[in-house]
Amino acid sequence: MADFSVSMLSVMGLSGIAILTSVVAAVLGFGGGMLLIAFMPLFLPAAAVIPVHGVTQMVSNVSRAVFSWREVAWPLLPAYLMGAVMGTLLIGFTVVHAATNYLPLFIGSYILLNVWHKGFMRWISQFESMFMAGFVLSALGLLVGAPGPVFHPMVMKKLENKHQLVATTAMMMTIAHGLKLLMFGWIGFAYIEQWPLLLVLMLSAMLGSWLGTHIRRRTNDEMWMVAMKILLSGLAIHMMISVGTGLQ
């Protein structure tokens, strides 16, 4: 599973993409993982994409959380952690493969309704929970690599500002990616053999998180919220269209 090599040119390309996507994630709080995994198949064999992506994204999220640790809403995380552990164990050790062909359609619809439809937001809030967020995000992370901003609208409603959102979701995804890495290590992905590539990507992710954090602290809150809604909607529409067109 880890028997592959990457050219120096590919490493440089992946490094630049890792910096850019970490900047995006640090500024907006989401989107970086989806952008990164969209580019990785151009440089890596299919079997290596999700575990290498997981390492890069975990470091990106850890560094983003460290740079903004005071803004993390820690009381939300215990329930999320419990759900994440259960989701990882259930999906990681099962031999039944879930049919995910139409999953983007439902995720996209959920995001659009949650962002723009106030009545739906009030109704769905009865069922949303941090435990469910942990369960679903960890399970999706194992299946598709980058689960995307599935629960960002829910988390936005629980927090006071953009800094809390970015820092808290960074910790949420740190947990999800960390559990995913443990699972891939258990099934045989040899991370140590790929340490040069992983080291470059980890350093690139940390640099991108540092740059993005400084950019975010200089952005206007109102403009940031508008940008977040637009990007969330764009990602949701892309996911829904991909069901019919086969785009990834």
Side-chain angles (χ1 to χ4, degrees), residues 2 4-45 48-72 137 141 145-149 152 161-182 184-185 189 191-221 223-224 227-228 231-232 234-235:
F4 67 93
S5 59
V6 182
S7 68
M8 182 58 66
L9 185 61
S10 293
V11 171
M12 292 174 63
L14 282 169
S15 174
I17 292 168
I19 293 172
L20 174 62
T21 55
S22 291
V23 168
V24 170
V27 173
L28 295 176
F30 65 94
M34 295 183 73
L35 291 173
L36 181 61
I37 204 167
F39 281 103
M40 277 191 160
L42 301 176
F43 303 94
L44 298 172
V49 168
I50 292 183
V52 173
H53 174 270
V55 172
T56 309
Q57 282 302 104
M58 182 172 178
V59 173
S60 176
N61 282 282
V62 167
S63 56
R64 193 157 70 246
V66 168
F67 293 140
S68 305
W69 66 272
R70 289 185 178 85
E71 281 90 27
V72 176
L137 287 178
H152 268 62
N161 55 58
K162 64 182 181 183
H163 303 299
Q164 281 192 338
L165 179 66
V166 172
T168 303
T169 53
M171 280 302 305
M172 290 169 61
M173 295 313 300
T174 294
I175 292 170
H177 286 300
L179 292 170
K180 177 172 66 179
L181 294 184
L182 291 174
F184 273 96
F189 188 84
Y191 294 101
I192 299 299
E193 294 181 12
Q194 300 301 325
W195 73 264
L197 170 64
L198 296 177
L199 178 61
V200 170
L201 292 179
M202 288 188 291
L203 293 175
S204 300
M206 286 189 284
L207 174 59
S209 293
W210 180 81
L211 290 171
T213 299
H214 284 274
I215 293 171
R216 188 185 74 240
R217 296 191 185 285
R218 288 167 173 76
T219 59
N220 177 273
D221 278 9
M223 290 178 58
W224 181 87
M228 169 166 280
L231 185 53
L232 273 171
L235 291 171

Verify side chain to side chain contact (heavy atoms under 4.5 Å, CB included) between M202 and T56, making sure each step is shown before the conclusion.
CA-CA 5 Å; M202 288 188 291; T56 309; over 6 Å; no
Please test M172 against L137 for side chain to side chain contact (heavy atoms under 4.5 Å, CB included), starting from the C-alpha separation and ending with a verdict.
CA-CA 9 Å; M172 290 169 61; L137 287 178; 4.0 Å; yes
Can you give the donor-acceptor pairs under 3.5 Å from side chains of residues 18-32 to other protein atoms, not counting sequence neighbours?
{"from": "T21", "atom 1": "OG1", "to": "I17", "atom 2": "O", "distance (Å)": "2.9"}
{"from": "T21", "atom 1": "OG1", "to": "A18", "atom 2": "O", "distance (Å)": "3.2"}
{"from": "S22", "atom 1": "OG", "to": "A18", "atom 2": "O", "distance (Å)": "3.0"}
{"from": "S22", "atom 1": "OG", "to": "S60", "atom 2": "OG", "distance (Å)": "3.1"}
{"from": "S22", "atom 1": "OG", "to": "A205", "atom 2": "O", "distance (Å)": "3.4"}

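- The CE atom of M171 sits 12.5 Å away from atom CH2 of W69, with the distance rounded to the nearest 0.5 Å.
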Would V55 and L201 satisfy side chain to side chain contact (heavy atoms under 4.5 Å, CB included), going step by step from the backbone distance to the final call?
CA-CA 8 Å; V55 172; L201 292 179; over 6 Å; no
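- Here the side chains of N61 and H177 are in contact, with some heavy-atom distance below 4.5 Å.
- Note that CG of L14 is 11.5 Å distant from NE2 of H53, once rounded to the nearest 0.5 Å.
- For I175, the side chain to side chain contact (heavy atoms under 4.5 Å, CB included) partners two or more places apart in sequence, or in a different chain, are Y80, L81, A84, L179.
- For S68 and R216, the side-chain atoms include at least one donor-acceptor pair closer than 3.5 Å.
- Between the OG1 atom in T213 and the NE2 atom in H163 there is a gap of 10.0 Å [rounded to 0.5 Å].
- In this view, V62 and M58, V66, T174 satisfy the side chain to side chain contact (heavy atoms under 4.5 Å, CB included) rule, not counting sequence neighbours.
- Listed by chain and number, the residues in a side-chain hydrogen bond (donor to acceptor under 3.5 Å, both in side chains) with S204 are S15 (sequence neighbours excluded).
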Can R64 and V166 be said to form a side chain to side chain contact (heavy atoms under 4.5 Å, CB included), step by step?
CA-CA 8 Å; R64 193 157 70 246; V166 172; 3.8 Å; yes
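- Of the inter-residue distances, the one linking F67 atom CZ with L211 atom CG reads 9.0 Å to the nearest 0.5 angstrom.
- Proximity of M206 to V59: side-chain heavy atoms (C-beta onward) are separated by under 4.5 Å at one or more points.
- The side-chain hydrogen bond (donor to acceptor under 3.5 Å, both in side chains) test applied to S63 returns S209, not counting sequence neighbours.
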